[in-house]
Amino acid sequence: MKNICIVFDHPYTVDSCHNEPHNRSFSAALVAEAQKSYKKAGVTVDVIDLHKDGFDPVMHKEDLIAWRKKKVKDSLVADYQERLLKADEIVFIFPIWWEAMPAMTKGFFDKVIAKGIIYDEPQQGKIFVNKLVNLKKVKLVTVMATPHLLYRWVFGNPVTKIVFRGTFRKMGFHKVKWLNYANMTKLSNEERTKKLRIFGNKIIK
C-alpha cells in the first residue's frame with residue numbers, strides 16, 4: 001500500500017485544525033484535509049507533528065559530531081529517518097515566516113536529511129545520491145500572509161529554492177510540487193472551506 005509521510009510544523013500542532021479562536025491554524029486544517037483525502041483514496045498516512053513530538057531543531061555539537069560520522073544521537077531523528085525511508089511521498093506543510101520555513105522545519109532539514117542515511121555524496125562537489133529509494137513525489141504546502149505574486153516575483157520564491165533546488169534536486173530528485181495559500185486571513189470561513197475542499201482533490205494527484 002502507498003505510504004504518505006506528512007511533516008507538519010506549527011506551534012498549535014495538528015490539533016488546531018478546528019475553527020477555535022486563538023487555537024486555529026489553516027496549516028493544520030490542510031493536514032486534516034490531506035489525511036481525509038489520502039485515506040479515502042486507500043493510502044496509508046503517517047503524520048510527523050514536530051511541535052507535538054517536542055522535536056529539538058538545534059544542531060548541537062554532539063549532533064554535528066554524530067552527523068559527520070554518519071550516525072545519529074537523537075532517537076527522534078532516527079525515528080523520523082526510518083519513516084522517510086519508507087515513504088512513497090513526502091508532504092511538508094507549514095506557514096511561511098520571514099519568507100522562509102519556521103525553525104523546526106529548518107532543523108528537520110539540518111538534522112534528519114543526513115549524509116550517509118538519506119543521501120550520499122560519492123564525490124565532493126558532485127551531485128548527491130538520493131537514498132530514499134521508495135520516494136516518488138515531494139510536495140510542499142505553504143500558508144503565507146505575503147501576496148503570492150509578490151512572494152514569487154519580488155522575493156524570488158525562497159522556500160522552493162531551499163526545499164526543492166537546495167535539497168531534493170541537489171539529491172537528483174525532481175518530482176516536486178508546490179501548493180501555496182496566501183492572504184488566508186482575508187477570506188471568510190466559507191471561502192476557506194471551499195479552498196480546503198479544492199486542496200483535498202489536488203493533494204492526492
Side-chain angles (χ1 to χ4, degrees), residues 1-10 14 16-19 24-50 80 83-96 100-102 105 108-109 112-113 118-119 130-153 156-184 186-205:
M1 183 179 286
K2 193 174 180 181
N3 182 29
I4 308 296
C5 183
I6 298 176
V7 181
F8 177 61
D9 183 358
H10 194 287
V14 172
S16 64
C17 62
H18 306 292
N19 191 21
R24 57 187 171 192
S25 161
F26 191 75
S27 301
L30 290 168
V31 175
E33 190 68 28
Q35 286 181 285
K36 184 171 69 175
S37 295
Y38 278 125
K39 288 178 180 178
K40 188 176 180 180
V43 176
T44 299
V45 183
D46 174 24
V47 178
I48 293 174
D49 190 337
L50 296 174
Y80 289 166
R83 291 156 75 176
L84 291 188
L85 289 165
K86 294 176 183 176
D88 295 290
E89 290 185 15
I90 302 172
V91 183
F92 294 95
I93 302 180
F94 53 80
I96 295 294
M101 69 273 284
T105 302
F108 184 92
F109 277 83
V112 179
I113 311 295
I118 302 300
Y119 71 92
N130 171 34
K131 298 188 73 172
L132 297 167
V133 295
N134 296 322
L135 192 62
K136 307 296 188 300
K137 292 180 183 178
V138 173
K139 297 171 182 174
L140 174 62
V141 183
T142 54
V143 178
M144 64 175 68
T146 305
H148 182 83
L149 291 178
L150 180 66
Y151 188 81
R152 182 173 183 179
W153 298 112
N157 275 4
V159 75
T160 61
K161 289 178 180 177
I162 295 168
V163 176
F164 293 159
R165 187 188 302 178
T167 304
F168 287 97
R169 285 175 179 156
K170 191 183 287 184
M171 293 193 294
F173 189 85
H174 298 276
K175 294 179 181 178
V176 296
K177 181 178 182 179
W178 180 39
L179 297 173
N180 183 47
Y181 293 87
N183 296 323
M184 297 310 299
K186 296 182 180 180
L187 301 183
S188 66
N189 287 335
E190 291 75 17
E191 289 170 323
R192 287 195 290 271
T193 300
K194 183 178 179 181
K195 291 275 188 184
L196 287 170
R197 284 199 302 267
I198 295 171
F199 167 76
N201 293 324
K202 285 183 177 180
I203 194 63
I204 60 175
K205 295 179 181 179

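Both backbone and side-chain heavy atoms feed into the values below; hydrogens, waters and symmetry mates do not.
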Please check: side-chain N/O of T167 versus main-chain N/O of I162, any donor-acceptor pairing under 3.5 Å?
yes
Check: I48 and R83 side chains under 4.5 Å, non-hydrogen atoms
yes
Measuring from H10:NE2 to L50:CG, what's the distance to the nearest 0.5 Å?
12.5 Å
Which atom names give the shortest non-hydrogen contact between V176 and R169, and what distance separates them?
CG2-NH2, 3.4 Å
Taking the side chain as C-beta and beyond, is there a heavy-atom pair between C5 and V91 under 4.5 Å?
no
Using a 4.5 Å cut-off on heavy atoms from C-beta on, say whether the side chain of K202 contacts that of L179.
yes
Given the options F164, F109, F8, F92 meets ring-ring contact (aromatic ring centres under 6.0 Å, His included) only with F109
For side-chain contact (heavy atoms from CB on, under 4.5 Å), just list the numbers for I96 and V143, CA-CA rounded to whole Å, side-chain angles, deciding distance to a tenth of an Å, and then say yes or no.
CA-CA 6 Å; I96 295 294; V143 178; over 6 Å; no
How about V7 and I93: do any of their side-chain heavy atoms sit closer than 4.5 Å?
no
Does some side-chain heavy atom of I4 sit less than 4.5 Å from a side-chain heavy atom of D46?
no
At their closest point, which heavy atom of N157 faces which heavy atom of R152, and how far apart are they?
OD1-CA, 3.0 Å
If you define the side chain from C-beta out and look only at heavy atoms, does anything of K186 sit under 4.5 Å from E191?
no
Is any side-chain heavy atom of V141 closer than 4.5 Å to a side-chain heavy atom of F199?
yes
Evaluation steps, side-chain contact (heavy atoms from CB on, under 4.5 Å), between N201 and I204:
CA-CA 6 Å; N201 293 324; I204 60 175; 5.5 Å; no
Without swapping roles, check the side chain of D49 against the backbone of V14 for a donor-acceptor pair under 3.5 Å.
yes
Quick one: closest heavy-atom pair of G156 and K161, and the distance?
O-CE, 2.9 Å
side-chain contact (heavy atoms from CB on, under 4.5 Å) assessment of M144 paired with Y181
CA-CA 6 Å; M144 64 175 68; Y181 293 87; over 6 Å; no
V163 and side-chain contact (heavy atoms from CB on, under 4.5 Å): which single residue from T105, L140, T142 fits?
L140
Between F26 and M184, which heavy-atom pair has the shortest distance, and what is it?
CZ-CE, 3.5 Å
Test applied, salt bridge (charged side-chain N to carboxylate O under 4.0 Å, His left out); reference residue, D88; option that passes from K136, K175, K2
K136
Tell me, with the steps shown, if K36 and E33 meet salt bridge (Lys or Arg N to Asp or Glu O under 4.0 Å).
CA-CA 5 Å; K36 184 171 69 175; E33 190 68 28; 3.5 Å; yes
If you look at every heavy atom in I203 and Y38, which pair is closest and at what distance?
O-OH, 2.9 Å
Judged by modelled atom types alone, do E190 and T193 share a side-chain donor-acceptor pair under 3.5 Å?
no
For residues A28 and C17, report the shortest heavy-atom separation together with the two atoms involved.
O-CB, 3.5 Å
Assess whether side-chain contact (heavy atoms from CB on, under 4.5 Å) is satisfied between K139 and I90, documenting all intermediate values.
CA-CA 6 Å; K139 297 171 182 174; I90 302 172; over 6 Å; no
Drop me the distance from L132's CG to K86's NZ, to the nearest 0.5 angstrom.
13.5 Å
Once rounded to the nearest 0.5 Å, what's the spacing between atom CG of N130 and atom NZ of K170?
14.0 Å
Looking at side-chain heavy atoms only, is the closest gap between N3 and N134 below 4.5 Å?
no
Parallel, tilted or perpendicular for F168 and F173, by the 30°/60° rule?
perpendicular
